[in-house]
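Atoms considered below: every heavy atom in the structure, side chains included; atoms not considered: hydrogens, waters and symmetry mates. Just so it is clear, the model here is predicted, and its values are computed rather than measured.
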Amino acid sequence: IVSELRLQVRDGTTRGVLNAPMQWAKRPLPQIGQRANAKLTLRDFQLKVLGPLVGSFANELSGVLEGDVQVAITPEGTRLSGSAHLSDGAVQVPAIGQRFSEVSARVVVSDNSFQLEEFSARGATGRVKATGSARLDGFALREAALKATIAENEQLPITIEGAAIGDAWGTVKLSYSAPLSGARQLAIDVPRFTLITPDTAHRSLQSLDDDEGIRVGAHRADGAFVPLPVQPLETEDDAAEEGRPPLRIRVKLRNVTFERGSIATVQLVGELTVVLAEEMTVDGRIELRRGELDVQGKKFEIERGVITFDGKDPENPTITATARWDSPTDHAVFAEYSGDVENGKLTLRAEPPLTQDEIANLLMFGSTEGGGGVGETDESDVALAVAGGTAAQGLNQGISDLTNLDVTARVDQSTGSARPELVYQMSRRVAAKVSRALGEPTPGESLDRTFLTLELRLRRHWALSALLGDRGATALDLIWRRRY
């Protein structure tokens, strides 16, 4: 049997030929032999024709494809050979929210092995280049390798679901293997990579995941709620994915640098092992080799740091880190963090030794006596006061990265002395504020040092404010504000 298919779209042509033995005889339907040869020839083929087929993950696809591919089917297996070349390509994937243009690639197929000889794509700015290879067992992928490179002078903007992260350059190597039995392996080697993010905090997009508080169903006559299945229903592919062997990912960071504008720079090295099965586990450690943190003009040097994953909760690793600032008074101030992400503790110390009051004054006013004594306080209280005062801007940016809550840090000087404050806007009309009074109380002043204030906006110019101090001070004020 010999069959031929021709497709012509404008100047582009596609021709497919199938040649296979066939026996019909007295059978109601013909029987195809176990040997066959197929050939596909593409000339000026326009990729936009395939747009409806890839619409689920790409909302734009274009380019010109030239190629010759042969498929030989024998009882021993399937063998592929040929080559293909793509030019003037463009693609936009909503998952990353970025459009790539000037896409070009050349692939050579020989003995079921694919060789990506060249690949190049340009983003909004910058360009990424790649080479790679893959080996098939029939139509199953057994091995694959990819090396992607972004030159330093062609930094590529990194976006996730349309949210800009920053600009990146460097080299990433991927290696994948899927043996007939056992876990699949993916090795990620990062010889050198740099991510540069702006000083201002980025805003994440709202998640479109299902709301856990919303149920879809019906109430029966007896009052019981019966949930109804919501699309998309589980498919056969989903069930087959559940039965696949686990994927073991090994990540090796050799020289990874993160730069947050002029605020922070940190270099990371380390190794992680991630196992994707019914539950994800992460083991390994990441070391902070060097780095700097700018807090209102004070350069803290990150001396050491380790992030450890123990295979339990991947979102709550253990962190130990130490940063140092050399003050003009010949004192070295150390900020040390130890513990996990949820329950870690920040402590401050100095060499030559200083009290916690003197450290707070040194960080806030540049002198151990700059703001007067603070009184003996808990180390965590001092850390909060320091962060709320000298690091208000940096803390606000950090809060924006960690949470979507409307929380800001500022310094209130309306009382005549600097008071670090942490303000949480609970709703459009309700706000909560925690403030810390520094220095010894003057005669006639309240002995309270920490205050909690709740403010309810009644109308445009009117508000009701309730204050509670740590020594029992209370106040209830009706406030009228008018700005001229």
Side-chain angles (χ1 to χ4, degrees), residues 56-57 93-97 137 140-146 158-161 163 165 172-190 193 195 204-217 225-254 256 258 268-288 305-321 337-345 401-405:
S56 60
F57 63 89
V93 181
I96 61 177
D137 182 4
L141 179 62
R142 293 301 177 203
E143 295 179 358
L146 179 70
I158 304 298
T159 57
I160 299 179
E161 295 182 347
I165 304 299
V172 178
K173 299 179 181 179
L174 306 178
S175 178
Y176 173 80
S177 63
L180 293 175
S181 61
R184 297 168 291 160
Q185 305 283 341
L186 175 62
I188 303 176
D189 186 10
V190 187
F193 189 84
L195 176 62
S204 59
L205 301 181
Q206 179 180 0
S207 173
L208 298 180
D209 294 339
D210 295 335
D211 192 326
E212 296 180 356
I214 298 177
R215 299 183 302 166
V216 178
F225 181 82
V226 180
L228 297 177
V230 181
Q231 299 289 349
L233 301 178
E234 183 179 0
T235 63
E236 295 181 359
D237 293 339
D238 296 331
E241 184 69 23
E242 293 181 359
R244 298 187 65 183
L247 174 62
R248 183 181 298 273
I249 305 174
R250 293 185 297 106
V251 182
K252 188 168 186 177
L253 308 179
R254 301 177 185 270
V256 176
F258 289 98
L268 306 177
V269 298
E271 294 188 22
L272 296 176
T273 299
V274 183
V275 178
L276 299 181
E278 294 183 0
E279 295 184 359
M280 183 180 70
T281 61
V282 182
D283 289 279
R285 54 185 282 164
I286 298 176
E287 297 182 10
L288 285 66
V306 178
I307 305 174
T308 305
F309 296 85
D310 57 6
K312 296 179 181 179
D313 186 357
E315 296 182 358
N316 191 32
T318 301
I319 301 175
T320 58
Y337 184 93
S338 61
D340 56 30
V341 174
E342 296 179 355
N343 303 305
K345 183 179 181 181
D401 289 343
L402 295 176
T403 177
N404 291 326
L405 300 178

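Looking at heavy atoms from C-beta onward, R215 lies out of side-chain contact with P227 at the 4.5 angstrom threshold. Under the 4.5 Å side-chain criterion, counting only non-hydrogen atoms from C-beta, L146 is not in contact with V172. Taking the side chain as every heavy atom from C-beta outward, P314 and T281 never approach each other to under 4.5 Å. Using a 4.5 Å cut-off on side-chain heavy atoms (C-beta onward), R248 and T273 make contact. Between L268 and L288 there is a side-chain heavy-atom pair separated by less than 4.5 Å.
Nearest heavy-atom pair, L180 versus R142, reported as atom, atom and distance to 0.1 Å: CD2-NH2, 2.9 Å. Contact record, L141 with E143: CD1-O, 3.4 Å, taken as the closest heavy-atom pair. Minimum interatomic distance between D340 and Y337 (heavy atoms only, all atoms of both residues): O-OH, 3.0 Å. Here the closest heavy-atom approach between residue P317 and residue T308 is recorded as CB-O, 3.3 Å. When all heavy atoms are compared, the tightest approach of R285 to L272 is N-CD2, 3.8 Å. Scanning both residues, P245 and R184, for their nearest heavy atoms gives O-NH2, 3.0 Å.
Atoms CD and CG, on E271 and D189 in that order, are 9.0 Å from each other to the nearest 0.5 Å. In this structure, CG in L247 is found 12.0 Å from CE in M280, a value given to the nearest 0.5 Å. Between atom CG of residue D310 and atom CG of residue D283 there is a gap of 7.0 Å, rounded to the nearest 0.5 Å. In this structure, CD1 on I249 lies 4.0 Å from CG on L276, to the nearest 0.5 angstrom. Here CD1 of I165 is found 9.0 Å from CD1 of I158. Values are rounded to the nearest 0.5 Å. I188 contributes atom CD1, which lies 10.0 Å from atom CZ of R250 (distance to the nearest 0.5 angstrom).
Side-chain atoms of D137 never come within 3.5 Å of backbone atoms of A140 as a donor-acceptor pair (strictly under, hydrogens ignored).
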